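Following: one structure in structure tokens, then a few remarks.
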Amino acid sequence: MSLDLPSTGCRSTPVLKERGQREVFCGLTGIIWLHRKMQDAFFLVVGSRTCAHLLQAAAGVMIFAEPRFGTAILEEKDLAGLADANAELDREVARLLARRPDIKQLFLVGSCPSEVIKLDLARAAERLSAVHAPHVRVYNYSGSGIETTFTQGEDACLAAMVPTLPATTARELLIVGAMPDVVEDQCLSLLAQLGIGPVRMLPARRAGDLPAVGANTVFALVQPFLGDTHAALTRRGARHLPAPFPFGEEGTTAWLRAIADEFGVARDLFEQVTAAPRARAQKAIATQSQELRGKSVFFFPDSQLEIPLARFLTRECGMTAVEVGTPYLHEGLVGPDLDLLPSGPVISEGQDVEKQLDRQRAAAPDLTVCGLGLANPLEAEGHTTKWAIELVFTPVHFYEQAGDLAGLFSRPLRRKAILRKEAAE
Ligand code: SF4
């Protein structure tokens, strides 16, 4: 096996940096998938009714399943006197923990309103941690729209946990990034077959399984938006294994290869373990990507998954990328994906939405990947769109999901073709 590096990747492509009006979710949305992953955690947003409504809208039917998140809504009197807000927060937390004794980790999540009135949630978390120890550990991070964009909420959450993780000198592999349980199990099974272990996960499913970290820890990221977590782990002495992200057959193989090389896994064993799932993934991608071959794709910035996904769509599904927009570009994280992405597309960071819409209209791509706020208006103009949010909620990592990942992009094109055919009849 060899990685076929295009003669010119995109690592040295000048990045178009834009600032202006943005169309993105705030970091609170991360709570939707994080609370499902961490089974004994509760996420308490300290915010306004806007924040509560956002969570309800994003969680959809999940809000009827006694979810482990809620909003402590700041009232007018809280805005007038901060001492009251702190006392009230302490009371709300005590009431919540008495009612839900299964909660072992409590996250106080900052929002725009809590930040604007400078409510010190870091201090509150320390105070409440001392009160409710050892049964409950209280953390704090910001999911506000002023500080965080969409998936950055997960980054802020994980980064907040890193300084409190126990220390170790053991040589362990740490996999960082929330994945659905079934995908996490596939990942662990592949690593076990390669003889790599012990393997720890961040986030862990339960507080009791939290990893320890130290100078002999090596870590691999499964999500490209974990810049702050990467920095926090590096500060604890852990070493990052840079690799393309495990999307598609090629990405998964390259990701596993980087870890296998670090742990001295023999080439033969690697081939033996990966041959069958690789073949399955290639077949599934080939079936799902028929509609994608030869088509063009334009990415608006949303989740930071854009660069690895553009790499997958261009190299494994035969698409051409016109523009790849990302809210933030962290070269230390997505550099290996940029190396593989064939040169050609505009790589843009940040957003000035009107200017970007002009570029998108001029390019008239076959498929536009964007947030919910832009999708329907663009559809009404005749463009075919893919909502980026689904890429975060759907299992898309590793071999067994590679066909589904291609399917997420081909479905809107297929639907458009069917509707066009029906209209013609
Ligand atoms: S945190 Fe800010 S951007 Fe997010 S819902 Fe609340 S007010 Fe809106």
Side-chain angles (χ1 to χ4, degrees), residues 19-35 38 41-60 62-63 67-97 99-100 103 105-129 131-132 136 138-161 225 228 302-303 327-328 350-351 353 371-373 389 392:
R19 282 203 180 281
Q21 177 91 5
R22 299 185 306 158
E23 284 279 346
V24 283
F25 279 123
C26 67
L28 293 188
T29 32
I31 293 171
I32 309 298
W33 62 89
L34 286 170
H35 90 280
M38 297 188 231
F42 192 99
F43 293 81
L44 184 64
V45 177
V46 183
S48 66
R49 279 181 214 285
T50 310
C51 311
H53 289 154
L54 170 96
L55 280 178
Q56 281 175 17
M62 264 187 239
I63 58 162
R68 278 171 288 98
F69 60 82
T71 309
I73 293 172
L74 291 165
E75 308 283 356
E76 266 172 42
K77 67 176 186 322
D78 300 319
L79 304 181
L82 289 184
D84 285 349
N86 277 317
E88 215 165 303
L89 180 61
D90 290 8
R91 258 198 315 277
E92 285 303 327
V93 166
R95 202 178 310 156
L96 170 72
L97 294 178
R99 209 176 57 215
R100 304 283 290 267
I103 297 169
Q105 312 174 73
L106 175 67
F107 291 90
L108 302 180
V109 188
S111 65
C112 305
S114 75
E115 266 160 33
V116 168
I117 64 164
K118 306 237 176 311
L119 185 55
D120 191 345
L121 290 181
R123 182 97 60 77
E126 264 173 41
R127 184 176 69 235
L128 288 163
S129 235
V131 173
H132 298 284
V136 184
V138 185
Y139 302 93
N140 152 253
Y141 72 90
S142 170
S144 86
I146 304 169
E147 290 202 3
T148 57
T149 299
F150 193 24
T151 47
Q152 263 193 307
E154 173 175 336
D155 188 27
C157 172
L158 300 189
M161 300 175 83
F225 45 74
D228 286 353
D302 204 59
S303 61
Y328 301 97
Q351 187 170 45
V353 72
L372 280 172
I389 192 164
V392 180

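We use all heavy atoms of the structure for the numbers below, so side chains are in, but hydrogens, waters and symmetry mates are not. Note that the structure is a prediction, hence the values are computed from the model and not measured.
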Problem - Gap separating the CD atom of Gln105 from the CE atom of Met38, nearest 0.5 angstrom - result: 6.5 Å

Handout entry: Residue pair Phe150 / Ile389, side-chain heavy-atom distance below 4.5 Å
Key = yes

Exercise for the section: Calculate, to the nearest 0.5 Å, the distance between atoms CD and SG belonging to Glu147 and Cys112 respectively. Expected result: 9.0 Å

Handout entry: Donor-acceptor contact present, side-chain Thr151 to main-chain Ser303, <3.5 Å
Key = yes

Handout entry: Straight-line distance of Glu126 CD to Leu108 CG, nearest 0.5 Å
Key = 11.5 Å

Practice task
May I ask you to test the Leu106-Leu128 pair for a side-chain heavy-atom distance under 4.5 Å?
Solution key: no

Problem - For Glu115 against Ser144, the heavy-atom pair lying closest together - result: OE1-OG, 2.8 Å

Practice task
For Ala41 and Arg68, work out which heavy atoms get closest and say how close.
Solution key: O-NH1, 2.9 Å

Handout entry: Ser114 side chain vs Gly47 backbone, donor-acceptor pair below 3.5 Å
Key = no

Practice task
State, with a plain yes or no, whether a side-chain heavy atom of Asp302 is found less than 4.5 Å away from one of Val392.
Solution key: no

Problem - Ile73 and Val45, any side-chain heavy atoms less than 4.5 Å apart - result: no

Handout entry: Closest approach of His132 to Ala94 (non-hydrogen atoms, all atoms of both residues)
Key = CE1-CA, 4.2 Å

Exercise for the section: First locate atom OH of Tyr141, then atom CD of Glu154, and finally report the distance between them rounded to the nearest 0.5 Å. Expected result: 9.0 Å

Practice task
Sort out for me which residue in Phe42, Phe69, Tyr139 forms a ring-ring contact (aromatic ring centres under 6.0 Å, His included) with Phe107.
Solution key: Tyr139

Handout entry: Ion pair Arg95/Glu92, N-O distance below 4.0 Å
Key = yes

Completion exercise
Looking only at heavy atoms, the pair that brings Ser48 and Thr71 closest together is O-CG2, 3.9 Å

Problem - Shortest non-hydrogen contact from Arg127 toward Asn86 - result: NH2-OD1, 3.5 Å

Exercise for the section: Working to the nearest 0.5 Å, report the span between OG1 of Thr148 and CZ of Phe225. Expected result: 12.5 Å

Exercise for the section: Can you measure from CG (Leu119) to OG (Ser111) and round to the nearest 0.5 angstrom? Expected result: 8.5 Å

Problem - Exam field: side chain Asp155 to backbone Asp228, donor-acceptor pair closer than 3.5 Å - result: yes

Exercise for the section: Measure the shortest side-chain to side-chain distance between Asp90 and Val131 over non-hydrogen atoms and say whether it is less than 4.5 angstrom. Expected result: no

Exercise for the section: Please list, chain by chain and in numerical order, all residues satisfying side chain to side chain contact (heavy atoms under 4.5 Å, CB included) with Ala72, sequence neighbours excluded. Expected result: Leu44

Exercise for the section: Answer whether the closest heavy-atom distance between the side chains of Phe43 and Leu28 falls below 4.5 Å. Expected result: no

